[in-house]
Amino acid sequence: MRAAVLTGFLGTGKTTLLLAVANALADRGEYVAIIENERGSVGIDGRYLQSQGMTVRELRAGCVCCDLALPLQITVQRLSEHYEPDWLLLEASGIAKPELLKASLQHPMISQINWRFIALVDPVRFGKMWHDSYGLGDLLRGQINLADVIVLPKSDLVEPSVLEHVAAEIRSLRPDVPVIPFTADDPAATTLMLRAFSEPLR
């Protein structure tokens, strides 16, 4: 089983990307399970994913990396043992602290799973978050530092010069990690994203 975690702030486009990749994987005959982390009392994204034919086990009322660490591990273990998916995709809470998220996924119960971390960085809001003095900037940099792949969603909503600036700022922090623009309605972008998910981990 291969596994990937999507990190990024609320409204970044994690569910859109997750669904595009999950559908592309399913189209080539791979069985995909999704864990949707919901902080609120109503799992809107989870219901949407279920309406698209995806199996979703929602986690609510807390953050995936702290309050719900043990239930997450049990969920991962049960999905792995009872459903045997080819892929397990986890959409993390937008406020999940990267170091705690990684530690929760290294728990002995599920330590045999090699996770790929995909960080979504919103180029539209990048400037405000990058220089935020209330902790969002540090959280964003933490997500970038954890990532195996960095995605710039909504790339069609900003000028090419803005996209280049955002990519340059990210590469100044992580020159070793691919930075991929993504637009949901572009099949070529989904193909490129699928390749990034599927490449062997370093």
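For reference, positions follow the sequence shown, starting with 1.
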**OP:** Flag the pair Glu99 and Lys97 as a salt bridge only when some basic side-chain nitrogen lies within less than 4.0 angstrom of an acidic carboxylate oxygen.
**Re:**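 Salt bridge between Glu99 and Lys97, a charged N being under 4.0 Å from a carboxylate O: no.
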Q) Using 4.0 Å as the upper bound for N to carboxylate O, is an ion pair formed by Lys154 and Asp156? A)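 Salt bridge: no.
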Side-chain donor/acceptor of [X] to backbone N/O of [Y], under 3.5 Å:
X	Y	result
Arg174	Ala147	yes
Thr191	Pro187	yes
Ser172	Glu169	yes
Lys14	Gly8	yes
Arg141	Trp130	yes
Arg116	Asp148	no

[Y] and [X], any side-chain heavy atoms less than 4.5 Å apart:
X	Y	result
Leu25	Asp86	no
Gln143	Leu139	yes
Ser104	Leu72	yes
Val177	Val179	no
Val76	Ile35	yes
Ile170	Leu152	yes
Pro153	Thr16	no
Leu136	Phe9	yes

For Glu159, does the CD atom have more than 12 heavy-atom neighbours from other residues, nucleotides or ligands under 6.0 Å away?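 At most 12 heavy atoms, drawn from other residues, nucleotides or ligands, come within 6.0 Å of this atom.
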Find the distance between [atom1] ([X]) and [atom2] ([Y]) and round it off to the nearest 0.5 Å.
X	Y	atom1	atom2	answer
Ile34	Leu79	CD1	CG	10.5 Å
Ile113	Leu105	CD1	CG	8.5 Å
Ile180	Phe182	CD1	CZ	10.5 Å
Leu10	Asp122	CG	CG	10.5 Å
Asn114	Met1	CG	CE	10.0 Å

- Task: Before giving the answer on side-chain contact (heavy atoms from CB on, under 4.5 Å), spell out for Ile118 and Val151 the whole-Å C-alpha distance, their side-chain angles and the decisive distance to 0.1 Å.
- Result: CA-CA 7 Å; Ile118 316 292; Val151 180; 3.7 Å; yes
* To do: For the pair Tyr83 and Tyr31, name the ring-plane relationship: parallel under 30°, tilted 30 to 60°, perpendicular over 60°.
  =>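 Tilted: the ring planes of Tyr83 and Tyr31 meet at 30° to 60°.
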- prompt: Would you say the side-chain atoms of Glu91 and Thr15 include a donor-acceptor pair closer than 3.5 Å?
  reply: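 Result is yes, a qualifying pair exists.
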- Taking every non-hydrogen atom, the tightest pair across Ala92 and Val5: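 Looks like CB-CG1, 4.1 Å.
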Subject >> From CA spacing to verdict: side-chain contact (heavy atoms from CB on, under 4.5 Å), Gln77, Glu81 >> reply: CA-CA 6 Å; Gln77 185 183 50; Glu81 291 178 352; 3.5 Å; yes
